[in-house]
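Here is the structure we will look at.
Side chains included, hydrogens not; waters and symmetry mates left out as well; all remaining heavy atoms used. The chain is numbered in sequence order, starting from 1. Counting starts at 1 for both ligands and their atoms, following the listed order.
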Amino acid sequence: MKKPFWTDAVVYQIYPRSFCDSNGDGIGDIPGIISKLDYLKDLGVDILWLSPIYESPQFDIGYDISDYYKINPEYGTMEDFDRLLEEAKKRGIRIVMDLVANHTSDQHPWFKASKDKNSPYHDYYVWMDGKDGGKRPPNNWTSNFTGPAWTYVPEVGQWYLHIFSAEQPDLNWKNPKVLEEVENIIRFYLDKGVYGFRCDVINQIWKDSYEDSKRITPMARGNEFYLMKEGNHRMLRKIYDDVLSHYDDFVMIGETYNVDLENGKRFQENKELTMFFQFELANVRAFALPVFERPFSAKRFKEVAFKWQKAIEWPTNYLENHDQRRSINKFGDPKRYWKESGKALALFNLTLRGTPFVYQGEEIGMLDLPPRDPATSMDCSARMTNQLMTKMGFVKGLRKKMINLFDRDHARSPMQWNDGISAGFSSNENTWICANPNKNCINVALEEKDPDSILSFYRTLLAYRRKSPALQEGSFLEIETKGDLIAYRRKLGDEEILILLNLTKKKLRLPPFLRSIEGKLALSTREPGDDPTVLLPYEGRLIELA
Ligand code: GLC
Ligand code: CA
């Protein structure tokens, strides 16, 4: 059997609004992406996942779609998109789109039509009568972005469900028409030459019932009624049977928040999803609520990553995306060991088993923005949390500090191409989010010239990976070590690779059984010290075993 294209592919995520602006309006666009395809080819990636580029009022930057069959005019036209597909194909790069199927925009014609109770579209969404003669929401669920998960519309006399913002009404998956619409969208883009989808919040689409939740939590209260329900598994399998099974080459990547091993395995074994994102590693520092964080522990990081490596048939690996802070800020050291920790994280992400994902800017070590006032954030969830915390009486300094821990603008600042105006992202000084002031030290142009840069390390590592069947498809063999030291092997046939990694600011001494191993040091994140039995801070070694 022909092996699927994604088994040895590396995915690069583009956040189109922030990648490259071709016409100087301060907003990234599709011609901008086309102009950087050679850069991406040289970097060594195979698949581009584009965050949503469909027509959208952009309340949640494209995760609120008003027409699935049109391109957001700020980004270009359908012709531009076709050209992107063509140009990518010429370079052997595949395009994967973002499928937002849990909700639409409140500006989608379906939603507008749904306000008429007699319209067939009424049942496309979850409209319900309120409690107490209609005055109170149908239940006590809260949205993922704070506040009630229901909004009342006087002209309808009913409430509609939105597990995100009120601008993102949930589709009613119990209506077979909704499934049919989504299947049509999938077909449309696969027929165009897209190679699949990253499926937004895809493990929450099926709402089992609309009972009150007994849990006390300010965010996503009620999700016990809609996280990974039987109906959810059924819908995904149906999409496979009806549509995907008729295509040769595709990948369905699930964004599956809170997924556990059991459901994860099921998604894959039953062909509901090709692969899925777990969030345990990304949230390894989370502490009860997103506004709290605990110190980074390399030991905990290792344990979580290894757990998924060992259990899942085909894992995904990622450290960043458009919803997360930059990985060097979260898991590394942005000050003293910026370069070393950037490379060490790359070594980890790109040598684990499964499909690796690199988020735009990660390959040059981009960092979070300086602390900012959440009231001015472009991220709707940061703004909404700020409103809630203001209402609850939190003082400004504290709000700023806490919300900065998850403000999604951090990952969404413009890609830093050079040290010019707006980091070379745009000819316009006023971009939709300002470029990070560190653009003079962190940018593509500078790092391209420097063989010791994070970017050069990515290129070398990706080229190495391409030639290494063990890294692409080999087994993952944990090496049990105490404490913070991270050690594992990748093996396929005769090829065997050992990874030794220190993700801390301290030196780590190798245990005796690892000191005597014979092999060739093929790659490292930094010049080793005088004593080879000691890993320096953020030192990582890729060793070819004899
Ligand atoms: C996903 C997206 C996020 C969006 C949310 C609602 O988590 O990654 O950006 O806000 O879904 O669509
Ligand atoms: Ca533009």
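Residue Trp141 is tested with Phe164, Trp159, Tyr226 for a ring-ring contact (aromatic ring centres under 6.0 Å, His included); the sole match is Tyr226. When Phe267, Trp206, Trp173, Tyr240 are each tested for a ring-ring contact (aromatic ring centres under 6.0 Å, His included) with His233, only one passes: Phe267.
Ligand 1 has no atom lying under 4.0 Å from any heavy atom of Gln324. Using a 4.0 Å heavy-atom cutoff, Phe145 is listed among the residues neighbouring ligand 1.
Note: Trp127 and Phe111 have parallel aromatic rings, judged against thresholds of 30 and 60 degrees for the angle between ring planes. By the 30° and 60° cut-offs, the orientation of the rings of Phe357 relative to Phe277 is perpendicular. Aromatic ring orientation, Tyr189 versus Phe197: perpendicular (interplanar angle above 60°, classes split at 30° and 60°). Taking the six-membered ring for Trp and thresholds of 30 and 60 degrees, Phe279 and Tyr318 have ring planes more than 60 degrees apart, a perpendicular arrangement.
Protein heavy atom closest to atom 9 (O) of ligand 1, with residue, atom name and distance, is Asp323 OD1, 2.7 Å. Atom 10 (O) of ligand 1 has as its closest protein heavy atom Asp60 OD2, 2.5 Å. Looking only at protein heavy atoms, the nearest one to atom 2 (C) of ligand 1 is Asp200 OD1, 3.1 Å. Of the protein's heavy atoms, Glu255 OE2, 2.8 Å lies nearest to atom 7 (O) of ligand 1.
Close contacts between ligand 1 and Arg198 involve ligand atoms 2 (C), 8 (O) [criterion: under 4.0 Å to a heavy atom].
Of the heavy atoms in Arg412, only side-chain atoms (C-beta onward) come closer than 4.0 Å to ligand 1.
Put simply, Asp29 gets within reach of the Ca ion (ligand 2), with an N, O or S atom under 3.0 Å from it. At least one N/O/S atom of Ile27, whether from backbone or side chain, sits less than 3.0 Å from the Ca ion (ligand 2).
If you check the side chains of Asp64 and Gln107, you find no donor sitting under 3.5 Å from an acceptor.
With the Ca ion (ligand 2) as the vertex, atom OD1 of Asn23 and atom OD1 of Asp21 span an angle of 70° (nearest 10 degrees).
Closest approach between the Ca ion (ligand 2) and any N/O/S atom of Asp25 involves OD1.
Comparing Phe164, Phe277, Phe279 by heavy-atom distance to atom 5 (C) of ligand 1, the nearest is Phe164.
Taking the six-membered ring for Trp and the full ring otherwise, the centers of Trp417 and Phe19 sit less than 6.0 Å from each other.
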